Amino acid sequence: MKILSKSFYLKDPAVAAKELLGKLLVRKLGNEELLGKIVETEAYYGLSDPASRVTKKAAESFSLKAGQTFIYMVHNSWLLNIVANKKDKPQGVLIRAVEPLNNLEILKKNRKGKDCFLLTNGPGKLTQAMKITKEHHGIMVYAKDSDLTIAEGTKEHFIIISNHRIGIRNDLKRKLRFYIEGSKWVSKI
DNA sequence: AGGAAGATCTACT
DNA sequence: GTAGATCTTCCTA
């Protein structure tokens, strides 16, 4: 399994968000390795983004370098972001949904018996299922020994749909949400 | 110290 | 589809 290099994250967040679709999220949990295919992402543009208070907080945390995680709690849920930018700007990609590929029993246990696509079809759900918390804030996802990494996925072909983002009052005009067409794990069509 | 608001989730109608 | 739950952070006094 090939882990994406740091240079992968040195690009425009919208581009990175699109290219992250189909990649593998690798969560090391003790002796187990939880694999999830990324099926839904959103790009965030930090300071120029109307996402109010979240942006402010993000601006601080995005002083992190490209390729590091940025984890944030909202509405009793953890959200997983990967910092991605060309320059030193507070920008990044939000991982909204993944398709679990193995260790379903562990995911079910963490999700109190939920099943199938209910396991990870939302930002708060996938972090719960994979036991991702604030302790993973600032992890370098390109480092081989990190508990959380992102690796090359299969080379299968899929169609990418773009849409406006979810849950923001005054969204930007650009469509910054991307997901794989037909995936059962996409949170909302 | 207290209140308000949020990149959500769940349950119910 | 809509309302309520529930927690962390930020803002104001």
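Fair warning: this is a prediction, and the values are worked out from it, not measured in the lab. A note on names: the letters A, B, ... follow the listed sequences, proteins ahead of strands, and every chain is numbered from 1.
Remark: A:Lys37 engages A:Glu156 in a salt bridge, criterion side-chain N to carboxylate O under 4.0 Å. Ionic pairing of A:Arg177 and A:Glu40 is present here: one or more N-O contacts between side-chain nitrogen and carboxylate oxygen are shorter than 4.0 angstrom.
In this structure, the side-chain contact (heavy atoms from CB on, under 4.5 Å) partners of A:Leu104, at least two apart in sequence or on a different chain, are A:Pro100, A:Leu107, A:Leu119. Among residues two or more places apart in sequence or in another chain, the side chain to side chain donor-acceptor pair (under 3.5 Å) test is passed with A:Asn121 by A:Lys125. Under the side-chain contact (heavy atoms from CB on, under 4.5 Å) criterion, A:Ile106 pairs with A:Leu29, A:Glu32, A:Leu34, A:Asn103, A:Asn110, not counting sequence neighbours. Every side-chain contact (heavy atoms from CB on, under 4.5 Å) that A:Thr127 has, sequence neighbours left out, goes to A:Trp78, A:Leu80, A:Ile132. Under the side-chain contact (heavy atoms from CB on, under 4.5 Å) criterion, A:Lys28 pairs with A:Glu33, A:Asp147, sequence neighbours left out.
At whole-Å resolution of the value, NZ in A:Lys134 and P in C:dC7 are 16 Å apart. Taking atom CZ on A:Arg96 and atom C1' on B:dC9, their separation rounds to 12 Å, with Å as the unit. Distance A:Leu126 CG to B:dT8 P: 13 Å, rounded to the nearest Å. A straight line from CH2 of A:Trp78 to C1' of B:dT8 spans 14 Å, rounded to a whole angstrom. Here the P atom of nucleotide C:dC7 and the CD1 atom of A:Ile71 are 19 Å apart, to the nearest Å. Regarding A:Arg177, its CZ atom lies at a distance of 14 Å from the C1' atom of B:dT8, rounded to whole Å. Computed from coordinates, the A:Met73 CE to B:dC9 P distance equals 12 Å when rounded to whole Å.
Here A:Lys112 does not reach the OP1 or OP2 of B:dC9: none of its side-chain N or O atoms lies under 4.0 Å away.
With 3.5 Å as the limit, one finds no donor-acceptor pair spanning the side chains of A:Gln128 and A:Ser77. For the 3.5 Å distance criterion, the side chains of A:Tyr179 and A:Glu181 fail to qualify, holding no donor opposite an acceptor. There is no side-chain donor-acceptor pair under 3.5 Å between A:Arg174 and A:His164.
Residue pairs meeting the salt bridge (Lys or Arg N to Asp or Glu O under 4.0 Å) criterion with at least one member in residues 104-113 of chain A, sequence neighbours excluded, are A:Glu105-A:Lys108, A:Lys108-A:Asp115.
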Watson-Crick and G-U pairing of DNA chain B written in dot-bracket, each distance under 3.5 angstrom, with | for inter-strand partners:
||||||.|||||.

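Listed nucleotides: C:dC7, B:dC9, B:dA7. Nearest to the side chain of A:Asn76: C:dC7. Each of C:dA5, B:dA7, B:dC9 was ranked by its minimum atom distance to the side chain of A:Ser77; first place goes to B:dC9. Checking B:dC9, B:dA7, B:dG6 against the side-chain heavy atoms of A:Leu79 singles out B:dA7 as nearest.
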Below 3.5 Å is the cut-off: list the nitrogen or oxygen pairs between protein and nucleotides 10-13 of chain B, distance only.
from: B:dT10; atom 1: OP1; to: A:Arg111; atom 2: NH1; distance (Å): 3.3
from: B:dT10; atom 1: OP1; to: A:Arg111; atom 2: NH2; distance (Å): 3.1

For nucleotides 2-4 of chain B, tabulate all protein N/O to nucleotide N/O atom pairs closer than 3.5 Å, reporting atom names and distance.
none

Table of protein N/O atoms under 3.5 Å from nucleotides 1-3 of chain C N/O atoms:
none

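Grouping Ile, Leu, Val, Met, Phe, Trp and Tyr residues whose side-chain heavy atoms lie under 4.5 Å apart, directly or via other members, places A:Leu101 in a hydrophobic cluster with A:Met1, A:Leu24, A:Val26, A:Leu35.
Residue ring and nucleobase are not stacked for A:Tyr72 and B:dA7 under a centre distance beneath 5.5 angstrom and an angle between planes beneath 30°.
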Let's go through A:Lys2 and A:Glu152 carefully: what are the C-alpha distance in whole Å and the side-chain angles of both, what is the deciding distance for salt bridge (charged side-chain N to carboxylate O under 4.0 Å, His left out) to 0.1 Å, and is it a yes or a no?
CA-CA 6 Å; A:Lys2 187 187 174 189; A:Glu152 279 290 350; 5.3 Å; no

Side-chain donor-acceptor pairs of residues 8-16 of chain A under 3.5 Å, sequence neighbours excluded:
from: A:Lys11; atom 1: NZ; to: A:Phe8; atom 2: O; distance (Å): 3.4
from: A:Lys11; atom 1: NZ; to: A:Glu19; atom 2: OE1; distance (Å): 2.7
from: A:Asp12; atom 1: OD1; to: A:Tyr45; atom 2: OH; distance (Å): 3.3
from: A:Asp12; atom 1: OD2; to: A:Ala14; atom 2: N; distance (Å): 3.0
from: A:Asp12; atom 1: OD2; to: A:Tyr45; atom 2: OH; distance (Å): 2.6

